[in-house]
Amino acid sequence: MPIEDVYKQIAEFAREGGARRVTLFGSRARGTNLPKSDIIKGSYALYDFVDETTWLSMLRDRNTIMRIYDEAKELELVNAIIEDYIPAFQRLKEGLDARYGELLLAKG
């Protein structure tokens, strides 16, 4: 699919979701993007109930969890899951329910 079509789909989705703006940044704005560049970061501009720092930390921890052999680091990760990641998923659910609740119920 041509990238212009992707941009049109993103703009349409954002309008339907009530977004006030969509921002193009990073490697896509510079023209140095790879096929999957900046896709995740785009959601942070669209959804005010998604905290970029927390979600990027989750991704980082997911990628490193299999290489943790230190009990202190394991406990640190467990604390992050309990204190930061679970509440982030709860905020995500609440935000999606608030924005798309009726649509989600209709499809379920």
Side-chain angles (χ1 to χ4, degrees):
M1 172 181 296
I3 194 65
E4 291 78 18
D5 292 344
V6 173
Y7 295 151
K8 288 177 188 174
Q9 286 181 345
I10 291 170
E12 182 179 333
F13 180 72
R15 273 192 302 277
E16 290 173 3
R20 292 183 300 254
R21 68 185 171 102
V22 174
T23 304
L24 183 63
F25 54 92
S27 61
R28 292 212 185 268
R30 291 188 305 273
T32 60
N33 59 293
L34 299 173
K36 294 183 179 182
S37 295
D38 303 325
I39 298 300
I40 295 171
K41 290 185 90 61
S43 66
Y44 308 125
L46 183 60
Y47 298 113
D48 58 354
F49 49 85
V50 174
D51 177 64
E52 177 177 0
T53 303
T54 302
W55 284 85
L56 289 176
S57 293
M58 276 192 258
L59 288 171
R60 183 200 63 229
D61 288 346
R62 181 206 64 190
N63 291 335
T64 60
I65 194 167
M66 297 306 291
R67 296 182 299 249
I68 295 177
Y69 303 106
D70 179 321
E71 185 175 353
K73 292 205 179 285
E74 290 171 354
L75 291 173
E76 188 178 309
L77 180 56
V78 168
N79 286 331
I81 290 168
I82 292 169
E83 294 174 10
D84 300 323
Y85 302 165
I86 291 173
F89 276 102
Q90 290 169 329
R91 284 189 301 277
L92 176 65
K93 182 186 182 316
E94 291 165 3
L96 291 174
D97 284 346
R99 188 171 288 182
Y100 302 109
E102 297 212 7
L103 179 64
L104 293 173
L105 290 174
K107 298 220 181 221

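Evaluation of the salt bridge (charged side-chain N to carboxylate O under 4.0 Å, His left out) rule for K93 yields D97 as partners, not counting sequence neighbours.
Between atom CG of residue L59 and atom CG of residue N63 there is a gap of 6.5 Å, rounded to the nearest 0.5 Å. Between I81 atom CD1 and S57 atom OG the span is 12.0 Å, to the nearest 0.5 Å. Distance check, rounded to the nearest 0.5 Å: CD of E16 to CD of E12 gives 5.0 Å. Rounding to the nearest 0.5 Å places CG of L77 at 11.5 Å from CG of D70. One distance of note links CD1 of I86 with CE of M58; it measures 10.0 Å at 0.5 Å rounding.
In this structure, F89 and T54 have side chains that are not in contact, with every pair of non-hydrogen atoms separated by 4.5 Å or more.
Here the closest heavy-atom approach between residue D84 and residue R91 is recorded as O-NH2, 4.3 Å.
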